[in-house]
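Here's the structure, in structure tokens; my notes come after.
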Amino acid sequence: MTTTAGRTTAAYDDLSAVLRGDLILPADPGYDEARAVYNGMIDKHPAAIVRCRDAADVIACVRFGRAHGVELTVRGGGHSAAGLGVADGALAIDLSLLRSTTVSPEDHTVRVDAGCVWADVDHATVAFGMATPSGFIASTGVGGLALGGGIGYLARRFGLTVDNLLEADVVLADGSFVTASPTSHSDLFWALRGGGGNFGVVTSFTFRCHDIGEAGTIIGGPVLYDIADTGEVMRWYRELLPSLPEELSGWIAVLTIPPAPPFPEQLWGRKACGIIWCYTGPHDRADEVLEPVKAFGSPLVIGLQPMPFTALQSAFDALYPTGLQWYWRADFFNEISDAAIEVHRKYGQQLPTAHSTMHMYPIDGAASRVATDATAFAYRDGGWAGVIVGVDPDPANAEVISRWAKDYWTELHPTSAGGAYVNFLMNEGQDRVRAAYRGNYDRLALVKERYDPQNVFHVNQNIQPARTS
Ligand SMILES: Cc1cc2nc3c(=O)[nH]c(=O)nc-3n(C[C@H](O)[C@H](O)[C@H](O)COP(=O)(O)OP(=O)(O)OC[C@H]3O[C@@H](n4cnc5c(N)ncnc54)[C@H](O)[C@@H]3O)c2cc1C
């Protein structure tokens, strides 16, 4: 009799018999494809992967894991840079076939199955001139992003993704199923809004939507400057941003200009500092609102133009396909200090590969008006989430990009607020998880004790159950 991670294949036959979805074992065709995640550095060998078709499949997997002592992982879009959707010897609960969305234009809501990526949600809502806050890349999974916080173009105007979550359907560690909302399992609902995958497997989310732009057409795109102007640009940006109407947001980056249209060929491969802007207000006010953005400095590129919100959301997807090597380090920042700018100037000049970059995403406006303890996401100080990202297609460059990101982070960290966005952590240890949640960690540990006392869901940025008895 063959075994996989100590379980007989007969046990998996029993699991397979109760599933609507597919059970994939190491000997099966498609196993290598199924175990691969977005970050090409991750090379895990799960004991089995279940591509779930419905909540019942998720329940069956959770019960199987408990009954047979098999570690469980949960995979949404597979974008975790730390590779948390898969683990050696575990049963991977793969939600990627759960891709349905249902928009209610009257209620301004969208119900989203947990295997959707943000492109699915944007596609569904922008058709109605609406969007719900998400991130900056459409290929990212809804599940991981929404449970960790969700920082994107709409955060200044409408808050984080978690601030727009209305309810979630959840399979708990004991295999039971609940709906969490402000009026049902409200402690769980609080914890899900930033606490990651610690409390159960979410099978569907319902989000509030907002009218954006003109019938979903916004004005957005990059304004890029020579890398030598980094100091001047960052000082201007940090003063300007708080004074801008919340319909306009922009994240600042150091990057290499991609070798593709719409960028002029003579700029391809040139290092730059720049801001990616998104204006979601009425278009007859756009000239006035964008005037200071267009008037500053000597830009190499002014790429602002009307476009469907879906186009801006997916603008970087082709540049960052699945399977590249990724290593990132991150922190929150209350300010972009002069000392920080010196570090950005230095490491921006030394970008190790064309895909490597540094981003600072604003968490101000509506996102900062939510109380620190209103959701598990604790960082509401009105600053930025920064992330230093080493990326390259070639595994031979894994060490080079990791070293650059670590060195950059080590010099920048003293200027930070102390902790990082939980969705931008690698496997950095318990102190960094605590720092991400600040004063909310202990309350999260109590909710964990109530809903997952055995820490069944621990392949994540783990909140350890408080021992209350
Ligand atoms: C290219 C890129 C761009 C990004 N841009 C942004 C951005 O703009 N804004 C932002 O906020 N973040 C961003 N992120 C970070 C992103 O939020 C995290 O990587 C997130 O974990 C991705 O979610 P996923 O479902 O794709 O991940 P997965 O790897 O599938 O899962 C990550 C973690 O979430 C848990 N999880 C996922 N789905 C569920 C579920 N349904 N129920 C319970 N647990 C679940 C998993 O168990 C795992 O621990 C980006 C990441 C990448 C790689």
Side-chain angles (χ1 to χ4, degrees), residues 36-42 44 52 55 58 62 72-87 90 92-96 98 112-119 133-155 160-162 168-173 180 191-192 194-205 251 253 276 278 313-314 316-317 319-324 326-328 330 355 357 359-363 367 377 379 385 387 389 391 420-427 433 452 456-463:
V37 291
Y38 183 76
N39 183 356
M41 275 190 200
I42 307 297
K44 301 290 185 189
C52 298
V58 176
V62 171
L72 298 173
T73 67
V74 183
R75 180 196 166 126
H79 262 227
S80 155
L84 296 171
V86 285
I93 302 174
D94 181 337
L95 305 173
S96 61
L98 302 177
V112 178
D113 282 354
C116 286
V117 298
W118 284 104
S134 57
F136 301 93
I137 292 209
S139 60
T140 307
V142 169
L145 183 140
L147 293 170
I151 304 165
Y153 287 110
L154 304 182
L160 304 177
T161 307
V162 290
D169 290 337
V170 194
V171 175
L172 299 176
L192 291 175
N198 274 284
F199 304 95
V201 187
V202 175
T203 55
S204 87
F205 299 86
W251 50 274
I276 319 302
C278 176
Q313 285 279 90
S314 57
F316 292 91
D317 289 6
L319 186 63
Y320 291 105
T322 195
L324 305 182
W326 281 72
Y327 187 89
W328 64 24
H355 288 83
T357 182
H359 297 171
M360 298 272 285
Y361 303 128
I363 315 179
F377 185 96
Y379 183 87
V387 60
V389 197
V391 190
Y421 175 34
V422 74
N423 275 349
F424 289 156
L425 287 176
M426 300 301 279
N427 293 311
V433 177
D452 183 15
V456 169
F457 301 113
H458 62 262
V459 185
N460 44 43
Q461 300 299 344
N462 195 230
I463 291 157

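Each residue takes its place number in the sequence, starting with 1. What you see is a predicted model, and the numbers here were worked out from it, not measured in a lab. Indexing begins at 1, ligand by ligand and atom by atom, following the structure's order.
Contact between Phe199 and ligand 1 is absent, with no heavy atom of the residue lying under 4.0 Å from the ligand. Within the structure, ligand 1 lacks Ala82 among the residues with a heavy atom less than 4.0 angstrom away.
By the 3.5 Å distance cut-off applied to N or O atoms, Gly197 is not counted among the residues near ligand 1. Considering both main-chain and side-chain atoms, Asn460 never comes within under 3.5 Å of ligand 1 through any nitrogen or oxygen pair. An N or O contact shorter than 3.5 Å is missing between Gly152 and ligand 1 by distance. At under 3.5 Å, a nitrogen or oxygen of Gly141, whether backbone or side chain, sits near a nitrogen or oxygen of ligand 1. Between Asn423 and ligand 1, at least one pair of N/O atoms sits closer than 3.5 Å. At under 3.5 Å, a nitrogen or oxygen of Val202, whether backbone or side chain, sits near a nitrogen or oxygen of ligand 1. Taking only nitrogen or oxygen atoms, main chain and side chain alike, Phe136 reaches within less than 3.5 Å of ligand 1. At under 3.5 Å, not a single nitrogen or oxygen of Ser134, backbone or side chain, sits near a nitrogen or oxygen of ligand 1.
With hydrogens and angles ignored, the 3.5 Å screen pairs a side-chain donor or acceptor of Asn39 with a backbone N or O of Met41. Between the side chain of Tyr38 and the backbone N or O of Leu324 there is no donor-acceptor pair closer than 3.5 Å. No donor-acceptor distance shorter than 3.5 angstrom exists from the side chain of Ser96 to the backbone of Gly115, with no hydrogens or angles considered. Judged by distance alone, with hydrogens and angles left aside, the side-chain atoms of Thr161 form a donor-acceptor pair with the main-chain N or O of Pro133 at under 3.5 Å. Looking at Asn423, its side chain does come within 3.5 Å of a backbone N or O of Gly144 through a donor-acceptor pair. A donor-acceptor pair under 3.5 Å is formed between the side chain of Gln461 and the backbone N or O of Met426.
Centroid-to-centroid, the aromatic rings of Phe316 and Trp251 come within less than 6.0 Å.
In this structure, Ile93 and Cys52 have side chains that are in contact, with non-hydrogen atoms separated by less than 4.5 Å. When side chains are defined from C-beta on, Val58 counts as touching Leu95, because their heavy atoms get closer than 4.5 Å.
At a 4.0 Å heavy-atom cut-off, ligand 1 does not touch Phe316 at all. Counting heavy atoms under 4.0 Å from ligand 1, residue Trp328 touches it through the side chain alone. Contact annotation: for Val37 versus ligand 1, there are no heavy atoms closer than 4.0 Å. Here Trp326 has side-chain heavy atoms under 4.0 Å from ligand 1, and that is the only part of it that gets that close. Residue Tyr320 does not touch ligand 1, judged by heavy-atom distances below 4.0 Å.
Gly78 N, 3.4 Å is the protein heavy atom nearest to atom 28 (P) of ligand 1. Atom 35 (C) of ligand 1 has Val74 O, 4.2 Å as its closest protein atom, hydrogens excluded (heavy atom only). For atom 11 (O) of ligand 1, the nearest non-hydrogen atom of the protein is Tyr421 OH, 2.6 Å. Here the protein heavy atom with the shortest distance to atom 6 (C) of ligand 1 is Leu145 CD1, 4.1 Å. The protein heavy-atom contact nearest to atom 3 (C) of ligand 1 is Thr140 OG1, 3.7 Å. When hydrogens are left out, the protein atom nearest atom 52 (C) of ligand 1 is His79 ND1, 3.4 Å; that is the closest non-hydrogen contact. In this structure, the protein non-hydrogen atom closest to atom 9 (N) of ligand 1 is Ile151 O, 2.8 Å. Summary of contacts: the protein heavy atom closest to atom 23 (O) of ligand 1 is Gly144 CA, 3.2 Å.
Counting the atoms of ligand 1 from 1 in the order shown, those under 4.0 Å from a heavy atom of Leu95 are 40 (C), 41 (N). Residue contact check: Leu147 has heavy atoms under 4.0 Å from atoms 39 (C), 40 (C), 42 (N), 43 (C), 44 (N), 45 (C) of ligand 1. When each atom of ligand 1 is checked for a heavy atom of Val459 under 4.0 Å away, the hits are 49 (O). Near Gly135, meaning under 4.0 Å from any of its heavy atoms, are these atoms of ligand 1: 7 (C), 8 (O), 9 (N). Close approach to Val201 involves these atoms of ligand 1, each under 4.0 Å from a residue heavy atom: 42 (N), 43 (C). If you number the atoms of ligand 1 from 1 as listed, the ones under 4.0 Å from a heavy atom of Tyr38 come out as 1 (C), 53 (C). Near Ala114, with a cut-off below 4.0 Å to any heavy atom, the atoms of ligand 1 are 41 (N). Within ligand 1, the atoms closer than 4.0 Å to a non-hydrogen atom of Gly150 are 11 (O), numbered from 1 in the order shown.
The residue from Trp118, Tyr361, Tyr320 that alone fulfils the ring-ring contact (aromatic ring centres under 6.0 Å, His included) condition with Phe136 is Tyr361.
Of all the listed residues (Gly200, Cys116, Gly76, Ala330), Gly76 holds the heavy atom that lies closest to atom 30 (O) of ligand 1.
Side-chain contact of Asp169 with Thr203: a donor-acceptor pair under 3.5 Å is absent, judged by distance alone.
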